[in-house]
Amino acid sequence: MSSTTLRLIAVLTSAASVLCGCAPAPEPTPTPSAAFATEDEAFAAAEATFTEYTAATNGTDLQEPATFEEVYRWLTGEAATSAKENYTRLHAEGIVRSGDSTFDRMELRAYSDAQVAVQLCLDVSDVALVRPDGTSIVPPDRPPRQPVDVKLVSAPTDTGLAISSVTASKTASCDG
């Protein structure tokens, strides 16, 4: 696996899941929430959603698939499909995760009635992913802080949003 692929996997799953290969369950149809009246409302909902998602990923035990369900609750579409595949593979390979990811420097990029786009810095400096033989699957050159673009859509969650995609940002930096 290339270091670029491993970096994207770490970003996509807040460093808790990586590759996999299982058929994902069908996605539920999101129930639209009320439109955001202000930029502040959209930002607050996105921040609360990513906070819950990060807590869920940090709460996973890769040896216990039941712990993945809380993560899936905060995902939809491409993000859900990828996470399900990745968590399944990590579990099958006996990978052990330690450490937690965090995020900061969230910036609202766009919002509409049913979608929010943010950019943030994901801190994965404390996250390790280790094979049963004790070797790390984290590339030695993995940046400890990674800029990501996150798209969220209306969904029947406590925040009214779910994450539909998380991608490495080509325009942002977490340096300085």
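The model shown is predicted, which means the values in this text are computed figures rather than measured ones.
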For [X] and [Y], which heavy atoms make the closest approach, and how far apart are they?
{"X": "Ser165", "Y": "Glu78", "value": "CB-OE2, 4.0 Å"}
{"X": "Ala172", "Y": "Ser169", "value": "N-OG, 3.0 Å"}
{"X": "Pro65", "Y": "Gln63", "value": "CD-O, 3.5 Å"}

pair [X]-[Y]: side-chain heavy atoms closer than 4.5 Å:
{"X": "Val124", "Y": "Arg142", "answer": "yes"}
{"X": "Arg73", "Y": "Tyr53", "answer": "no"}
{"X": "Val118", "Y": "Leu152", "answer": "yes"}
{"X": "Asp104", "Y": "Leu120", "answer": "no"}
{"X": "Pro147", "Y": "Cys174", "answer": "yes"}
{"X": "Arg97", "Y": "Leu129", "answer": "yes"}

With rounding to the nearest 0.5 angstrom, report the [atom1] to [atom2] distance, [X] to [Y].
{"X": "Lys151", "Y": "Thr76", "atom1": "NZ", "atom2": "OG1", "value": "14.0 Å"}
{"X": "Lys84", "Y": "Thr81", "atom1": "NZ", "atom2": "OG1", "value": "7.0 Å"}
{"X": "Glu47", "Y": "Phe103", "atom1": "CD", "atom2": "CZ", "value": "5.5 Å"}
{"X": "Leu90", "Y": "Ile95", "atom1": "CG", "atom2": "CD1", "value": "6.0 Å"}
{"X": "Glu52", "Y": "Thr57", "atom1": "CD", "atom2": "OG1", "value": "11.0 Å"}
{"X": "Thr88", "Y": "Asn86", "atom1": "OG1", "atom2": "CG", "value": "8.5 Å"}

Backbone N or O of [Y] within a donor-acceptor pair of the [X] side chain at under 3.5 Å?
{"X": "Asn58", "Y": "Ser101", "result": "yes"}
{"X": "Thr54", "Y": "Phe50", "result": "yes"}
{"X": "Ser82", "Y": "Ala79", "result": "no"}
{"X": "Thr49", "Y": "Ala45", "result": "yes"}
{"X": "Gln115", "Y": "Tyr111", "result": "no"}
{"X": "His91", "Y": "Leu62", "result": "yes"}
{"X": "Glu70", "Y": "Thr67", "result": "no"}

Are [X] and [Y] close enough for a salt bridge, meaning some N to O gap below 4.0 Å?
{"X": "Arg105", "Y": "Asp123", "value": "no"}
{"X": "Asp149", "Y": "Lys170", "value": "no"}
{"X": "Arg89", "Y": "Glu93", "value": "yes"}

Flag for Gln119-Thr171: side-chain donor and acceptor within less than 3.5 Å = yes
ask   = Is it true that the side chains of Thr157 and Thr159 contain a donor and an acceptor less than 3.5 Å apart?
value = yes
request  = Given side-chain contact (heavy atoms from CB on, under 4.5 Å), test Thr167 with Val148 step by step and report yes or no.
outcome  = CA-CA 5 Å; Thr167 57; Val148 294; over 6 Å; no
request  = Check the pair Asp175 / Arg145 against salt bridge (charged side-chain N to carboxylate O under 4.0 Å, His left out), numbers first and verdict last.
outcome  = CA-CA 8 Å; Asp175 299 333; Arg145 292 174 42 80; over 6 Å; no
key: Tyr87 and Tyr72: CA distance, side-chain angles, deciding distance, side-chain contact (heavy atoms from CB on, under 4.5 Å) verdict   = CA-CA 10 Å; Tyr87 274 105; Tyr72 304 153; 3.5 Å; yes
request  = For the pair Asp100 and Val127, evaluate side-chain contact (heavy atoms from CB on, under 4.5 Å) and give the outcome as yes or no after the intermediate values.
outcome  = CA-CA 6 Å; Asp100 289 340; Val127 176; 5.7 Å; no
task = Using the side-chain contact (heavy atoms from CB on, under 4.5 Å) rule, take Val116 and Phe36 through it: C-alpha gap first, then chi angles, then the decisive distance, then the call.
result = CA-CA 10 Å; Val116 179; Phe36 299 108; 3.5 Å; yes
request  = Applying side-chain hydrogen bond (donor to acceptor under 3.5 Å, both in side chains), run through Asp40 and Thr38 and close with a yes or a no.
outcome  = CA-CA 5 Å; Asp40 289 342; Thr38 67; 5.0 Å; no
ask   = Can you get from Val150 to Met106 by hopping between Ile, Leu, Val, Met, Phe, Trp and Tyr side chains that sit under 4.5 Å apart?
value =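 Yes; Met106 is reachable from Val150 via cluster members.
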